[in-house]
Trainee: 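Once you've had a glance at the structure underneath, I'll fire off some questions.
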Amino acid sequence: MTRSPATPAQRADGGLLTFGETMGLITATTIGTLEYAREVTFGIGGAESNVAIGAARLGVPVTWIGRVGSDAAGDLVGRRLRAEGIRTEAVRDTSFTGLMVRHHRAATVVHVDYHRAGSAGSRLTSRDIPVDAVRRAAILHLTGITPALSASARQATWDAVAAAKANDVIVSLDVNHRGKLWDRATARRELRRLVAEADIVFAGIEEARLVLDSAADDPRHLAAALAATGPGEAVVKTGARGCTAHIDGTIHEQPALPVPAVDTVGAGDAFVAGYLAEHLRGADPVQRLRTACAMGAYAVSVPGDCELLPTRGELEAFLTTGDVLR
């Protein structure tokens with residue numbers, strides 16, 4: 001028996017609320033092994049903040065909550081998010097802001113090293129997420145990364161879910177499984193519980209199979225099976241093929257937009273941002289999925305996690321012309 005979430009347009013002033021770890025991001029600018037890199041860029045990255053930035057650029061109100069260190073990377077996280085018009089409630093921690101180091105080993109092969117054990121973001125607690133902030137939101141968006149960071153971050157996730165459900169706030173979950181953060185059995189158990197409590201769920205093929213403990217690879221079957229665990233909306237992301245969704249009992253399929261792939265990192269977050277932004281605007285399922293796929297395609301067409309995601313006008317031009325920049 002699936003659930004249909006409440007209509008977010010009824011609470012659109014609250015917008016989107018999300019929380020999690022945002023890290024500093026060092027990226028080598030040339031293709032090859034890291035030892036031969038001569039130039040790097042420094043930015044920020046994190047699944048939840050990527051979604052926050054993508055949704056804010058599409059014109060919806062967004063709040064991001066997290067812990068950052070009292071360091072240069074922590075300063076940058078706050079500045080970047082505020083520059084996007086995102087309300088930030090970043091708690092300063094005595095530990096360090098986590099760090100990612102990324103390089104392209106080959107044109108289509110991305111390697112990322114994470115330095116996050118004991119980071120400020122991993123020390124997130126339930127006290128960092130005010131119930132009033134959850135109550136004001138129309139959609140609470142979570143990922144499977146946060147509960148994998150630490151026991152306190154996991155409890156914060158569950159307490160936020162409880163607050164959202166007590167106040168009729170839509171709960172959105174991107175499974176976003178990270179095998180380096182927890183063992184497979186624990187991940188399956190916790191993620192399955194979260195999926196069952198969510199109203200909207202996003203998953204890749206392998207993530208859906210993990211949650212369902214299934215060997216199936218048909219996205220239609222996987223979307224329906226995810227929805228059968230509770231969510232009214234289950235979206236299976238299929239990369240270059242697009243997506244398949246089971247929404248309120250109906251299967252929808254949306255093809256991807258053909259674009260040259262420059263950098264696939266962050267495409268899934270852009271997809272989610274597009275879907276949730278349209279949800280907040282009261283769009284129908286077809287429009288939500290169309291925008292989601294367009295955001296994903298746009299993200300693939302440009303480098304970086306979130307820096308070059310489109311504004312609403314740029315996205316509409318992209319949908320009209322097929323060109324990323326016009």
Side-chain angles (χ1 to χ4, degrees), residues 18-27 34 43-52 64-69 73-74 77 90-91 93 95-103 109-126 128-129 140-161 171-198 201-214 226 236-237 264-272 305-306:
T18 189
F19 62 87
E21 181 174 31
T22 297
M23 296 174 283
L25 172 59
I26 296 174
T27 304
L34 190 59
I44 66 171
E48 299 85 5
S49 53
N50 290 345
V51 171
W64 176 89
I65 295 173
R67 275 184 176 261
V68 296
V77 170
V91 177
D93 194 279
S95 188
F96 62 94
T97 304
L99 186 67
M100 294 183 285
V101 181
R102 176 186 300 153
H103 69 279
V109 179
V110 179
H111 183 83
V112 184
D113 293 318
Y114 294 91
H115 304 274
R116 70 196 316 176
S119 68
S122 72
R123 290 153 58 118
L124 186 79
T125 73
S126 298
D128 299 328
I129 307 165
L140 169 68
H141 177 65
L142 313 168
T143 78
I145 298 171
T146 304
L149 294 176
S150 66
S152 66
R154 188 177 306 176
Q155 189 60 53
T157 300
W158 281 110
D159 287 347
V161 169
V171 176
S172 166
L173 171 70
D174 189 345
V175 171
N176 243 330
H177 175 237
R178 295 292 186 268
K180 292 182 179 180
L181 293 177
W182 49 2
D183 66 85
R184 193 170 180 84
T186 303
R188 175 180 289 120
R189 181 180 69 248
E190 291 297 318
L191 291 170
R192 187 175 178 88
R193 288 178 61 209
L194 282 170
V195 166
E197 294 296 326
V201 169
F202 304 92
I205 293 285
E206 291 303 319
E207 291 168 338
R209 294 174 70 180
L210 169 69
V211 169
L212 297 167
D213 196 12
S214 170
L226 285 172
V236 175
K237 297 176 283 187
T264 60
V265 175
D269 300 330
F271 178 101
V272 171
D305 275 31
C306 56

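Atom set for the values below is all heavy atoms of this structure, side chains included, hydrogens, waters and symmetry mates excluded.
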Trainee: Closest heavy-atom contact between Gly69 and Ala120?
Mentor: N-CB, 3.6 Å

Trainee: Could you state the interatomic distance from CZ (Arg184) to CG (Leu210), rounded to the nearest 0.5 Å?
Mentor: 4.5 Å

Trainee: What verdict does the side chain to side chain contact (heavy atoms under 4.5 Å, CB included) test give for Ser119 and Met23, after you've listed the backbone C-alpha separation in whole Å, the side-chain angles of each residue and the deciding distance to 0.1 Å?
Mentor: CA-CA 9 Å; Ser119 68; Met23 296 174 283; over 6 Å; no

Trainee: Are the side chains of Pro147 and Leu194 in contact, using a 4.5 Å heavy-atom criterion?
Mentor: yes

Trainee: In Å, rounded to the nearest 0.5 Å, how long is the span from OG1 of Thr146 to CG of Leu173?
Mentor: 10.0 Å

Trainee: State, yes or no, whether a side-chain contact exists between Leu149 and Leu124 at a heavy-atom distance under 4.5 Å.
Mentor: no

Trainee: Using every non-hydrogen atom in the two residues, find where Thr18 and Ala52 come nearest and quote the distance to one decimal.
Mentor: CG2-CB, 4.1 Å

Trainee: Do Trp182 and Leu191 have side-chain heavy atoms sitting under 4.5 Å apart?
Mentor: yes

Trainee: Less than 4.5 Å apart, side chain to side chain, heavy atoms only: is that true for Arg123 and Val91?
Mentor: no

Trainee: Does some side-chain heavy atom of Thr157 sit less than 4.5 Å from a side-chain heavy atom of Leu142?
Mentor: yes

Trainee: Cation over ring, Arg193 on Trp158, under 6.0 Å and within 45°?
Mentor: yes

Trainee: Are Arg192 and Asp213 ion-paired here, with the side-chain N under 4.0 Å from a carboxylate O?
Mentor: no

Trainee: For the residue pair Asp113 and His115, confirm or rule out a side-chain donor-acceptor distance under 3.5 Å.
Mentor: no

Trainee: Minimum heavy-atom separation for Val236 to Gly204, with atom names?
Mentor: CG1-C, 4.4 Å

Trainee: Under 30°, 30 to 60°, or over 60°: which ring-plane class applies to Phe202 and Phe271, parallel, tilted or perpendicular?
Mentor: perpendicular

Trainee: For Asp174 and Lys237: C-alpha separation, side-chain torsions, deciding distance, then whether side chain to side chain contact (heavy atoms under 4.5 Å, CB included) applies.
Mentor: CA-CA 10 Å; Asp174 189 345; Lys237 297 176 283 187; 3.1 Å; yes

Trainee: Taking all non-hydrogen atoms of both residues, which atom of Arg116 and which atom of Ile145 are closest, and how far apart?
Mentor: NH2-CG2, 3.9 Å

Trainee: Is there a donor in the side chain of Thr143 and an acceptor in the side chain of Glu48, or the other way round, less than 3.5 Å apart?
Mentor: yes

Trainee: Determine the minimum heavy-atom distance between Asp269 and Asn176, stating which atoms define it.
Mentor: OD1-ND2, 3.9 Å

Trainee: Measure the CD1-CE distance between Ile26 and Met100 for me, rounded to the nearest 0.5 Å.
Mentor: 10.0 Å

Trainee: Can you name the closest pair of heavy atoms from Ser122 and Gly118 and give their distance?
Mentor: OG-C, 3.5 Å

Trainee: Contact between Trp64 and Thr22 at the side-chain level, heavy atoms closer than 4.5 Å - yes or no?
Mentor: yes

Trainee: Are any of the side-chain heavy atoms of Phe19 and Asp128 separated by less than 4.5 Å?
Mentor: no

Trainee: Do Asp159 and Ile129 have side chains that approach each other closer than 4.5 Å (heavy atoms only, starting at C-beta)?
Mentor: no

